[in-house]
There are 2 protein chains.
Amino acid sequence: MLLAERHQLILEQLNIHGRITSVDLAKLLAVSEDTIRRDLNKLGELKLLRRVHGGALVLQEDTPDYFDRLNSPDPSKKRFIQPALAMLEAGQTIVIDSGETCRYLAQNLPANLPLTVVTGCPLIVQDLMQHPQVQVIQLGGRMFKPAMRTTGSSAIEMLKQIRFDLVFMGICAFHVKHGFCVNYFEEAEVLRATIEQADRTILMGPHDKLDKTMTYQIVPAQKIHHIITDQGVRADIQASIEELGIELEIVPNK
Amino acid sequence: MLLAERHQLILEQLNIHGRITSVDLAKLLAVSEDTIRRDLNKLGELKLLRRVHGGALVLQEDTPDYFDRLNSPDPSKKRFIQPALAMLEAGQTIVIDSGETCRYLAQNLPANLPLTVVTGCPLIVQDLMQHPQVQVIQLGGRMFKPAMRTTGSSAIEMLKQIRFDLVFMGICAFHVKHGFCVNYFEEAEVLRATIEQADRTILMGPHDKLDKTMTYQIVPAQKIHHIITDQGVRADIQASIEELGIELEIVPNK
DNA sequence: TTTAAATACGCAAAAACACGCATAAAAATA
DNA sequence: TATTTTTATGCGTGTTTTTGCGTATTTAAA
């Protein structure tokens with residue numbers, strides 16, 4: 001086995017499990033622990049993983065606090081919302097999840113389009129209160145500060161009583177094998193309940209999120225119907241996504 | 001489990017619950033309490049949490065400006081909230097209703113007071129998301145635009161499952177004979193359900209609202225426990241209010 | 001003040017690690 | 001192809017890190 005090949009396999013394993021120990025890798029790849037340690041140190045230097053005592057962890061993409069992001073909104077995320085807007089029809093009941101891209105979507109709903117919008121994010125509720133034609137349903141529950149959204153059984157109970165035509169969510173991490181993931185158990189529960197009630201689930205986000213995993217799987221990949229992303233998706237990933245029957249829509253990079 | 005992984009999980013738990021004990025963590029992560037203490041001390045040194053006897057708390061220094069809110073639009077309403085703040089005790093579960101005075105109350109909750117706050121107003125939810133010690137419960141339901149609050153059976157169902165120590169509301173209209181009133185049927189329903197669950201209901205508002213009626217009665221006057229108002233209450237009205245056993249607290253007119 | 005819980009400290013065992021070195025494998029060059 | 005050069009690997013040795021336990025001390029609440 002070649003070194004580069006081994007590095008590739010290590011990163012793959014890491015992507016799958018989120019964590020990996022030197023001992024396990026040594027056994028799996030049938031090399032000495034020293035070799036594995038050298039590999040991990042090298043990959044750590046290259047910022048491809050987070051080297052820790054005993055093994056390695058996936059790089060925690062720093063999710064800055066929501067309020068930090070509020071102060072520095074990223075207008076480049078607006079490009080994802082045009083295809084989303086094109087799917088809307090009068091009278092639909094839709095979910096707009098929390099997150100920056102979702103908020104752009106909420107803020108740009110056509111003024112003459114009557115919709116029922118369900119959301120657990122108070123910022124989006126507030127944005128939509130200005131809208132003349134939209135009826136807003138606020139999801140109840142305990143507010144989960146890191147994601148600026150409601151979670152818990154109250155939210156889930158409420159979701160179970162509604163059926164949605166469309167659900168729009170941002171992509172935290174998506175992977176063909178390991179599905180749609182987030183980093184918080186509580187968040188995953190609510191998102192799963194939301195998708196369960198949806199005729200069609202649409203994810204929006206940059207292409208580099210399409211080969212990522214995080215700790216908690218929300219749903220397997222095939223439960224997603226539509227992904228809106230930008231240019232740069234690896235050809236093999238694009239192929240396997242489309243093989244699952246997911247519609248992949250690519251917008252120009254700005 | 002790797003050490004770094006454990007640190008991550010501790011921070012996650014802390015993020016969720018706001019506080020955490022060494023004993024609970026030791027059980028949850030299946031390691032000795034010594035290990036947990038070493039973890040907490042380390043994370044405390046790194047300023048990732050606040051180490052206290054028995055466990056750890058979330059850092060609260062990231063919101064140093066929580067008190068610099070005294071530049072609110074209508075400072076005259078600030079005078080109603082001081083007596084309200086004096087009633088608060090650590091650990092209580094309270095309702096802060098929608099409205100300008102209520103919002104002012106929410107914005108001025110002491111930063112070091114741990115409370116559970118229930119509200120149906122997204123603006124207040126948003127204000128409180130920056131509070132380091134308050135757990136926020138958002139009432140679900142259909143947003144009622146004129147009052148910027150949730151209404152309907154979802155909200156009422158949710159309310160029925162919680163008991164409140166204190167409920168704070170602004171005064172739309174209060175009358176000794178005709179009770180506490182508002183102009184919308186939907187709003188009255190929700191407010192009634194809220195008061196039903198409260199040990200103590202406190203109204204805040206100027207004295208001229210104390211001899212007013214509106215279309216829909218929420219509850220009869222004697223269901224209210226405490227009214228905070230300003231100078232100028234007619235003597236006979238004051239007498240009949242106090243006759244009903246309602247505590248009438250009068251603050252100086254500025 | 002008393003008392004139980006939480007903590008700090010030292011110690012020892014186990015695990016993970018770094019380093020040097022000899023050898024094997026791969027790559028480059030003649 | 002043969003030979004040299006470079007790189008990668010495994011092993012032995014010594015070091016560092018992590019962890020749990022026993023004991024003494026501190027803390028917080030009754």
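The basis for the numbers below is simple: all heavy atoms, side chains too, and nothing from hydrogens, waters or symmetry mates. The sequence lines fix the lettering, A, B, ..., with proteins before strands; numbering per chain opens at 1.
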Chemist: So does A:Glu186 pair up with A:Arg142, basic N to acidic O under 4.0 Å?
Modeler: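 A salt bridge is present here (some side-chain N lies under 4.0 Å from a carboxylate O).
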Chemist: With no hydrogens and no angle check, do the side chains of B:His225 and B:Glu247 hold a donor and an acceptor under 3.5 Å apart?
Modeler: no
Chemist: At their closest point, which heavy atom of B:Leu244 faces which heavy atom of B:Ala221, and how far apart are they?
Modeler: CD1-CB, 3.7 Å
Chemist: Verify the contact: side-chain N or O of A:Asn41 to OP1 or OP2 of C:dC17, cut-off strictly under 4.0 Å; return yes or no.
Modeler: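 Looking at the OP1 and OP2 atoms of C:dC17, neither is under 4.0 Å from any side-chain N or O of A:Asn41.
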Chemist: Calculate the interatomic distance between B:Met1 atom CE and D:dT19 atom P; express it in whole Å.
Modeler: 11 Å
Chemist: Is there a residue in residues 19-33 of chain B whose heavy atoms reach under 4.0 Å of DNA chain D, and which residues are they?
Modeler: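 Close to the strand are B:Val31, B:Ser32.
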Chemist: Mind checking the CG-CZ spacing from B:Asp230 to B:Arg79? Nearest 0.5 Å is all I need.
Modeler: 4.5 Å
Chemist: Just N and O in the side chain of B:Arg37: are any of them under 4.0 Å from OP1 or OP2 of C:dC9?
Modeler: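 For B:Arg37, the contact criterion (side-chain N or O under 4.0 Å from OP1 or OP2 of C:dC9) is not met.
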Chemist: With a 4.0 Å cutoff (strictly under), does any side-chain N or O of A:Arg51 reach OP1 or OP2 of C:dC17?
Modeler: yes
Chemist: Between the main-chain N or O of B:Ala26 and the side-chain N or O of B:Glu33, is there a donor-acceptor pair closer than 3.5 Å?
Modeler: no
Chemist: Assess whether a salt bridge exists between B:Arg200 and B:Asp165, defined as any Lys/Arg side-chain N lying under 4.0 Å from an Asp/Glu carboxylate O.
Modeler: no
Chemist: Specify the angle, to 10°, made by the local axes at the two ends of the helix from C:dT1-D:dA30 to C:dA30-D:dT1 when five pairs are taken at each end.
Modeler: 50°
Chemist: Please state how far atom CG in B:Leu2 lies from atom P in D:dT18, giving the value in whole angstrom units.
Modeler: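 In whole Å, D:dT18 P lies 11 Å from B:Leu2 CG.
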Chemist: To the nearest Å, how far apart are A:Arg6 CZ and C:dA26 C1'?
Modeler: 13 Å
Chemist: Are B:Glu196 and B:Arg192 within salt-bridge range, i.e. N to O under 4.0 Å?
Modeler: no
Chemist: Just verifying a value: how many Å separate B:Arg19 CZ and B:Arg50 CZ, rounded to the nearest 0.5 Å?
Modeler: 12.5 Å
Chemist: Does C:dA16 have its OP1 or OP2 closer than 4.0 Å to a side-chain nitrogen or oxygen of A:Arg38?
Modeler: no
Chemist: Provide a list of protein-nucleic acid N or O atom pairs under 3.5 angstrom, restricted to nucleotides 22-27 of chain D.
Modeler:
none

Chemist: Please evaluate residues A:Tyr184 and A:Tyr216 with respect to the criterion ring pair (Phe, Tyr, Trp, His ring centres under 6.0 Å), reporting the C-alpha separation (whole Å), side-chain torsions for both, the decisive distance (0.1 Å), and the verdict.
Modeler: CA-CA 7 Å; A:Tyr184 296 100; A:Tyr216 302 102; 8.2 Å; no
Chemist: Can you confirm whether the side chains of A:Arg149 and B:Gln138 place a donor and an acceptor under 3.5 Å from each other?
Modeler: no
Chemist: Starting at NZ of B:Lys42 and ending at P of D:dT17, how long is that distance when rounded to a whole Å?
Modeler: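 Roughly 9 Å, once rounded to whole Å.
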Chemist: Tell me the interatomic distance from B:Leu3, atom CG, to C:dA14, atom C1', rounded to whole angstroms.
Modeler: 15 Å
Chemist: Hey, could you give me the CG/OG1 distance between B:Leu25 and B:Thr35, rounded to the nearest 0.5 Å?
Modeler: 11.5 Å
Chemist: Check the distance between C:dA18's P and A:Asp39's CG and give it to me in whole angstrom.
Modeler: 13 Å
